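Worksheet for the structure shown next.
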Amino acid sequence: MRRHTGSDVIVVGAGLAGLNAALHLQEGGARVEVLEARDHVGGRVQSMRQLGHSQEAGGTYIGAGYERITAVCARVGIELVDVTPMLAFFREQDLVLDGELIRQSEWPGHPRNVLPESFKTQMPWTLHRTLAAQDNPLPAPERWLDPEFSVHDVSVRSWLTRLGLDESGVRIAYDLNPSFGNHAGDVSALLLFFRAAFSVAQRRLAPDGVLGYTVENGVQRIPAAMSDLLDEEVQFGKTVTAITTGNHEAEVRCASGDVHVAPHVICALPVGVLRDVIIDPTPPGLQGEAFRSLASQPVTQMYFGHRSRFWDEDGHAASLFSNGPVGMLAAARNGRDPKEVTSFTAWNMGPNARKLDSLPEQDAVRTVLKEIEAVRPASKGKLEYLGLKAWDRDPYTRGAWAYYKPGQISRFASEMGRPHGRIQFCGEHLSRIARGMEGAMESGEKAARTILGM
Ligand SMILES: Cc1cc2nc3c(=O)[nH]c(=O)nc-3n(C[C@H](O)[C@H](O)[C@H](O)COP(=O)(O)OP(=O)(O)OC[C@H]3O[C@@H](n4cnc5c(N)ncnc54)[C@H](O)[C@@H]3O)c2cc1C
């Protein structure tokens with residue numbers, strides 16, 4: 001066992017939250033060491049360069065108002081690429097319900113469209129987002145934790161039912177390939193309102209017409225550049241298994257047997273992983289309960305290249321949105337010309353992802369291809385499997401992002417981020433104002449400021 005001392009703060013986890021915390025601490029004069037289980041930084045920002053065309057497995061889209069991310073990019077000379085011209089194409093996708101391909105133009109009058117008359121023109125993938133924007137009680141994203149809004153910490157199902165949808169309508173509007181939870185009964189409507197208010201705030205901050213950005217040659221350049229700014233190199237291969245907090249210092253144990261000791265620890269681990277790490281003493285009351293019970297969303301992406309433009313042959317949109325194993329088949333447009341499809345990603349979320357994850361890789365690929373080829377015979381033999389990323393099976397993430405079940409926001413959100421002895425917590429699950437990558441940065445900055453007494 002090696003005992004490492006000498007730093008003021010140990011940061012556990014080199015994702016955006018941990019790296020931003022480390023940079024703020026360093027700028028505040030603290031000596032910082034960063035421990036990371038993988039052999040690279042970035043965590044849920046993961047550019048799949050091996051697949052070509054700047055393919056991303058994690059954080060991709062940078063909102064026009066991501067002020068922390070854009071400030072870092074400006075500081076290190078990373079230019080952002082405007083993705084607005086590509087986003088327009090994301091609306092072009094056909095619907096597949098139980099193996100039947102339905103064009104957008106057919107949907108309003110289609111027998112499977114059981115939505116109330118006023119919602120019939122909305123495609124299933126946009127309906128709950130449109131409604132969350134229109135019916136949003138939150139005047140600003142940062143208000144989501146105000147007790148006055150806790151009445152909205154009810155299931156998405158109750159909210160949609162209040163808006164006039166019946167059980168079948170709710171299934172169409174939310175459950176087909178849900179980005180939070182297993183179904184509409186499993187997620188808090190307040191979380192959707194927070195996300196919608198955050199999107200509106202981002203759009204308000206956008207310069208004329210710009211909806212967002214990404215990074216040429218991979219978003220992972222951002223965490224890589226952040227780690228280059230640290231005086232002490234990130235220590236890789238350090239899988240933390242236990243954190244013990246005493247009165248004056250905290251001790252961090254790694255699977256290798258090494259022990260690191262410092263007056264402060266910032267734990268920047270995803271909530272799904274936190275459960276695997278022994279925290280001694282156990283965080284009390286609601287904080288401990290939150291760490292044990294907050295869920296993370298399974299998301300599995302499968303990447304395909306294409307040998308020819310099969311969508312020109314069958315006249316359908318290049319992309320699909322299905323309630324079957326293909327999930328959302330998104331045509332990526334990562335080249336210079338947004339009209340050019342560079343590859344495809346099949347996005348599966350929630351129960352769909354779990355089903356695919358339960359299969360051996362080749363069977364999972366076969367299942368997805370079988371559905372695509374059944375609804376689009378022109379695609380037969382035209383898609384080439386490139387690889388997959390199953391976030392739920394990643395031992396250093398265990399899910400793509402945290403989500404709240406009905407009632408959990410009011411119960412846990414204000415307790416989860418409390419300091420516990422010498423430990424501060426941060427990570428995307430603890431963002432209060434922003435979401436996604438910017439939320440992770442926000443939470444890291446807050447943890448560092450608390451230690452620096454700012
Ligand atoms: C599929 C997907 C798409 C996304 N798309 C977007 C998007 O378009 N826009 C956007 O803004 N956000 C997006 N996000 C969200 C964004 O990527 C995350 O919110 C953000 O990167 C999380 O940062 P973090 O630092 O909180 O966590 P992480 O990045 O997960 O960092 C945690 C770090 O801890 C390390 N670690 C884990 N266990 C241990 C251990 N035991 N010991 C030591 N180290 C450990 C991990 O390896 C990791 O490096 C997406 C996420 C996913 C998964």
Side-chain angles (χ1 to χ4, degrees), residues 90-91 93-136 152-196 295-300 317 319-330 346-358 367-368 370-372 374-375 392 399-401 403-408:
F90 276 89
R91 286 193 287 271
Q93 51 187 3
D94 287 332
L95 178 64
V96 179
L97 291 180
D98 302 323
E100 182 186 357
L101 201 148
I102 303 164
R103 288 176 198 270
Q104 289 200 31
S105 56
E106 295 164 346
W107 177 240
H110 196 275
R112 294 291 302 263
N113 188 342
V114 291
L115 296 168
E117 216 41 55
S118 51
F119 300 145
K120 272 193 188 296
T121 54
Q122 300 262 353
M123 296 311 292
W125 54 83
T126 52
L127 181 54
H128 67 81
R129 286 172 189 267
T130 310
L131 292 176
Q134 284 171 356
D135 194 46
N136 202 334
H152 303 283
D153 190 11
V154 297
S155 73
V156 167
R157 175 179 293 137
S158 335
W159 163 60
L160 291 176
T161 306
R162 175 170 65 71
L163 295 182
L165 277 73
D166 62 13
E167 194 55 36
S168 330
V170 169
R171 272 204 293 279
I172 291 281
Y174 192 81
D175 294 355
L176 299 189
N177 194 25
S179 46
F180 296 119
N182 291 303
H183 50 75
D186 189 39
V187 60
S188 170
L190 191 48
L191 181 59
L192 299 199
F193 294 141
F194 174 36
R195 179 176 66 175
S296 290
Q297 187 69 352
V299 172
T300 295
S319 302
L320 294 174
F321 188 94
S322 163
N323 66 343
V326 72
M328 183 177 77
L329 182 73
W347 282 75
N348 269 286
M349 315 218 220
N352 301 355
R354 228 174 253 125
K355 263 185 235 154
L356 281 187
D357 291 353
S358 70
T367 308
V368 169
K370 199 172 150 196
E371 190 195 7
I372 301 174
V375 292
D392 210 35
W401 43 74
Y403 72 90
Y404 292 90
K405 292 174 187 286
Q408 284 190 332

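Treat the numbers as computed from the prediction; the structure is a model and nothing was measured.
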With rounding to the nearest 0.5 angstrom, report the [atom1] to [atom2] distance, [X] to [Y].
X      : Y      : atom1 : atom2 : value
Gln122 : Ile172 : CD    : CD1   : 13.5 Å
Arg91  : Gln93  : CZ    : CD    : 11.0 Å
Ile372 : Leu320 : CD1   : CG    : 7.0 Å
Leu356 : Asp392 : CG    : CG    : 12.0 Å
Asp94  : Met123 : CG    : CE    : 7.5 Å
Ser322 : Leu95  : OG    : CG    : 8.0 Å

Smallest separation among heavy atoms of [X] and [Y], with atom names:
X      : Y      : value
Leu165 : Pro116 : CG-CD, 4.0 Å
Asn177 : Met349 : OD1-N, 3.0 Å
Gly169 : Leu115 : O-CD2, 3.8 Å
Gly350 : Asn182 : C-OD1, 4.4 Å
Pro406 : Gly185 : CG-O, 3.5 Å
Pro351 : Gly181 : CD-O, 4.3 Å

Distance only, no hydrogens: is a donor on one side chain within 3.5 Å (strictly under) of an acceptor on the other, for [X] and [Y]?
X      : Y      : answer
Asn348 : Thr300 : no
Tyr403 : Asp186 : yes
Arg171 : Asn323 : no

Report task. Apply salt bridge (Lys or Arg N to Asp or Glu O under 4.0 Å) to Asp166 and list each qualifying residue two or more places apart in sequence or on a separate chain. Result -> none

Just so I know, are the side chains of [X] and [Y] near enough to count as touching, which here means a heavy-atom distance under 4.5 Å?
X      : Y      : value
Arg112 : Asp98  : yes
Tyr404 : Phe180 : no
Pro325 : Asn352 : no
His183 : Arg157 : yes
Val326 : Val96  : no
Asp135 : Arg162 : yes

Query raised in the report: Between Gln297 (side chain) and Pro178 (backbone), is there a donor-acceptor pair under 3.5 Å?
Result: yes

Query raised in the report: Backbone N or O of Phe193 within a donor-acceptor pair of the Asn136 side chain at under 3.5 Å?
Result: yes

Query raised in the report: Given the rule in the side-chain contact (heavy atoms from CB on, under 4.5 Å) test, do Trp401 and Ser179 qualify, once you have shown the distances and angles that lead to the verdict?
Result: CA-CA 9 Å; Trp401 43 74; Ser179 46; 4.3 Å; yes

Query raised in the report: Is there a side-chain contact (heavy atoms from CB on, under 4.5 Å) between Leu191 and Val156 once you walk through the steps?
Result: CA-CA 9 Å; Leu191 181 59; Val156 167; over 6 Å; no

Report task. Enumerate the residue pairs fulfilling ring-ring contact (aromatic ring centres under 6.0 Å, His included) with a member in residues 96-132, sequence neighbours excluded, ordered by first and then second residue. Result -> Trp125-Phe321, His128-Tyr174

Requested in this report: Return yes when atom NZ of Lys120 has more than 12 non-hydrogen atoms of other residues, nucleotides or ligands closer than 6.0 Å, and no otherwise.
Outcome: yes

